[in-house]
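Inspection log for the structure reproduced underneath, given as C-alpha cells.
Each chain gets a letter, A, B and so on, in the order the sequences are listed, and its residues count up from 1.
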Amino acid sequence: MDHKSRIRILRFSPVQRLFHILLVISFLVQSATGVGRMFIETGFGRLLCYIFGGYGMARVVHIYVGIFMILGFGVHAVYLMFKVDWRRFPGSLFSEDSIVPRPSDIKGFFSHMQWMFGRRSFPPFDRWGFWEKFDYWAVFWGMVIIGSTGLIMAFPVQSSRYIPGWFLNVAFWIHRIEAILAMGHVFIIHFFIAHLRRHNFPMDRAMFEGSVSIESARHERAAWIQRLEKEGRLRTLMVEDAHPIRRAVYYVVGYSAMFIGLFLLFGGLLNSPDITW
Amino acid sequence: MKSIQFPYSVALRLKPMPPVFYLLLVLMLAAPGPVRSQEEVITSYRHFREREYSTGYYEDYEVRPLKQAPVAIPGVRIGTFPYSPSAAEVRIRTRLADSHRGIKFYELQQCKDCHPRNALNNHTVRANITCRQCHGGEPIASINHYFSPMNPIRRHAYICSKCHQGANVSFASYVIHEPFPADVGTLEEFPVLFAAFWFMVAIAVGTFLVFLPHTALWGVRELLTKKKGGAGGS
C-alpha cells in the first residue's frame, strides 16, 4: 500500500457506521408505517400500510421496530459511556473531538452565515460542524420523546395504570409532531446537506465508508485537519478509497433511503389536506 | 456453673432501620391502590354485588353523578360533565335515559349529520368502529345518566373493555372525542393537550425557521462557488 493511494481520512468507526445504518433502516420503517397509518384515509396511506400487511400489521411492525430502536438507543448510551474520555472527564466533554455543543458552535453558525453572504471565507470548522451536532442531539432527544410516548401508546391499557388515561391523547400529539419534525428535518435538511449540495453531490459517503476525501475535509473542516497535522496524527488516520463495488453499494443504499424519504415527504405534503387531523 | 443472667436477652434490641426503610414506608403510603379493571369506582367498597343479583338499586358506589370524575383532566372545570370536552355549559340532555327523546326526524338521519365533530375521532375514521359499538343501541343514553354505560364510573368496564381487554378506569379517561388541539376552545376543554400541542409546534417551527433558510442559502452559496475537494462526492 503506497501512501499516494491513501487519499481519504477516517471520520467514523465501524461501530458508528453500524449505528447509523441501523438507524437509517429503522427510521425509514417507522416513517413508512407511521405515515401510512396517519394517512390511512387516503390511497397514499393505504399503499404504505399495504406494504406492511395492512393497517393493523403496520401498527405491529411500528411497535416492534420502535422497541428495537429503543434498545438500540440503550446500546448507544452504553457505547457513549465507553467513548467518553473519563480521565479528563468534564473537560473532555467540551473538547474539539466531542460532539457536545460548545459556545463556539454558535459562533460557527454566524460565521457560516456570513460566509453565505460573501462576508468572509469559509469558516474553519473542527471535527463536528454545528449542523452535525444539531443533527445528533436532535435525534438523541427525539428518541427520548418519541420513544417514551410511543411506548406509552403501544401498551395503552398497561401504561394507564401508572399515568392517567387522558395522557394518551397528549402522548399521541407529542409523538405525531415530534415525528413530523424528525421526518421533515431528515428528509429535507439532512438529505440536502449530505447528498445534494454541490460540495457533497452526489453523496457524502462518510457515514457509509467511514472516510472522506482529504481535500474535501481540508476545505470543510480546516481546523480539524490542521489540529491533526500539528499533533502528527493525520498520517495514522489516512485510508484508501473503498473498492468500486462497495462504493456502488453505498450509493445504492444512500439513494434508496433518499428516495423513500422524498416519497414519504411529498406524499405526505400532497395528501395532508385529505386526512382528519 | 455459669449463672444465667436475667432477663435473658429479653431486652429487645431494636436496631435503628436505615433511613431508606422509612422513605419506602412513606412512599408506600403515597402509592395509588391497585386498579381493579372491572369495578365501578365511586367508593372504596371493593366487592359490590354482582350485577346479576342487583335489585336495580345499588349502594352509594353506583350511578350518582360525581362532583368530579374518578380520573380528571387537570385544569378542566369541575362539574357534572368533566369528560365532555365539547363545551357543555348549556347541555341539559346529558342525564337523560334517551338522549334523543323528542328530537324530530332523529330516525331519518345518521349520527354524523347531527354530531359532525364527534365523527372525527380515531376510532371512527381510522379503525372503522361505528358509533353504536360504543354508544349502544336505542335508546342511546346520555353520557352522565345514572345508569348509562358511558358514565365515567363504569365506562371502562361497559364500553372500553369490550375491545380493550383489562381496560381500567384510568384508561377510560382517554378522551375519545378529542377536540382539535390547535383550537382556542381546547384551552378550556383540555388545557394540557392545548399546551403540549403548541409547545411542540413551537419547537418544530423554530427548528425549521433556523435550518430551512440556512440549508437553502448554503445550497445557493455552493452553487455559486467553484467546487473544491475530491471529484464526485466526498
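Proximity of a side-chain donor or acceptor of A/Asn169 to a complementary backbone N or O of B/Val175 within less than 3.5 Å is detected. Between the side chain of A/Thr276 and the backbone N or O of B/Asn122, no donor-acceptor pair lies under 3.5 Å. Listed for the A/Ser160 side chain is no donor-acceptor partner under 3.5 Å among the backbone atoms of B/Ser170.
Of the two parts of A/Phe167, neither the backbone nor the side chain holds a non-hydrogen atom closer than 4.5 Å to a non-hydrogen atom of chain B. Heavy atoms of A/Tyr250 lying under 4.5 Å from chain B are absent altogether. With a threshold of 4.5 angstrom between heavy atoms, A/Arg176 approaches chain B through side-chain atoms but not through N, CA, C or O. In this structure, no portion of A/Tyr162 lies under 4.5 Å from any heavy atom of chain B. A/Leu196 does not touch chain B: none of its heavy atoms, backbone or side chain, sits under 4.5 Å away. Of the atoms belonging to A/Glu220, it is side-chain heavy atoms, and not backbone ones, that fall under 4.5 Å from chain B.
Closest approach of B/Ser173 to A/Gly165, counting heavy atoms only: OG-N, 3.2 Å. For the pair B/Phe190 and A/Trp166, the tightest heavy-atom approach, listed with the atom from each and the gap, is CZ-O, 3.5 Å. In terms of heavy atoms, A/Val157 sits closest to B/Asn168 at O-ND2, 3.6 Å.
Heavy atoms of other residues, nucleotides or ligands lying less than 6.0 angstrom from OH of A/Tyr255 number more than 12. Heavy atoms of other residues, nucleotides or ligands lying less than 6.0 angstrom from NZ of B/Lys162 number more than 12. The local environment of CZ in B/Phe180 is crowded, with over 12 non-hydrogen atoms from other residues, nucleotides or ligands closer than 6.0 Å. Atom CZ of A/Arg246 has 12 or fewer heavy atoms from other residues, nucleotides or ligands within 6.0 Å. The environment of A/Trp141 atom CH2 is sparse: at most 12 non-hydrogen atoms of other residues, nucleotides or ligands sit within 6.0 angstrom. Annotation for A/Ile245: atom CD1 does not count as buried by contact number, only 12 or fewer foreign heavy atoms lying within 6.0 Å.
Residues of residues 35-45 of chain A lying under 4.5 angstrom from chain B, judged on non-hydrogen atoms, are A/Arg37, A/Met38, A/Ile40, A/Glu41 in numerical order.
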Please list every donor-acceptor pair under 3.5 Å in which a side-chain atom of residues 199-221 of chain B meets a protein atom from a residue at least two apart or in another chain.
residue, atom, partner, partner atom, Å
B/Thr207, OG1, B/Ile203, O, 2.8
B/His214, NE2, A/His112, ND1, 2.9
B/Thr215, OG1, B/Phe211, O, 2.6
B/Trp218, NE1, B/Glu222, OE2, 2.9
B/Arg221, NE, A/Trp115, O, 2.7
B/Arg221, NE, A/Met116, O, 3.4
B/Arg221, NH1, B/Thr225, OG1, 3.4
B/Arg221, NH2, A/Trp115, O, 3.3

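Among the candidates B/Pro181, B/Ala196, B/Ala195, the residue making the largest number of heavy-atom pairs closer than 4.5 Å to chain A is B/Pro181. The greatest number of non-hydrogen atom pairs below 4.5 Å with chain B, out of A/Ser159, A/Pro164, A/Gly56, A/Ala138, is found for A/Pro164.
Counting heavy atoms from C-beta outward, B/Phe171 and A/Leu168 have side chains that approach closer than 4.5 Å.
Legend: residues meeting ring-ring contact (aromatic ring centres under 6.0 Å, His included) with A/Trp128, ordered by chain and number and at least two apart, are A/Phe12. Considering only residues two or more places apart in sequence or on other chains, A/Arg46 meets the salt bridge (charged side-chain N to carboxylate O under 4.0 Å, His left out) condition with none of them.
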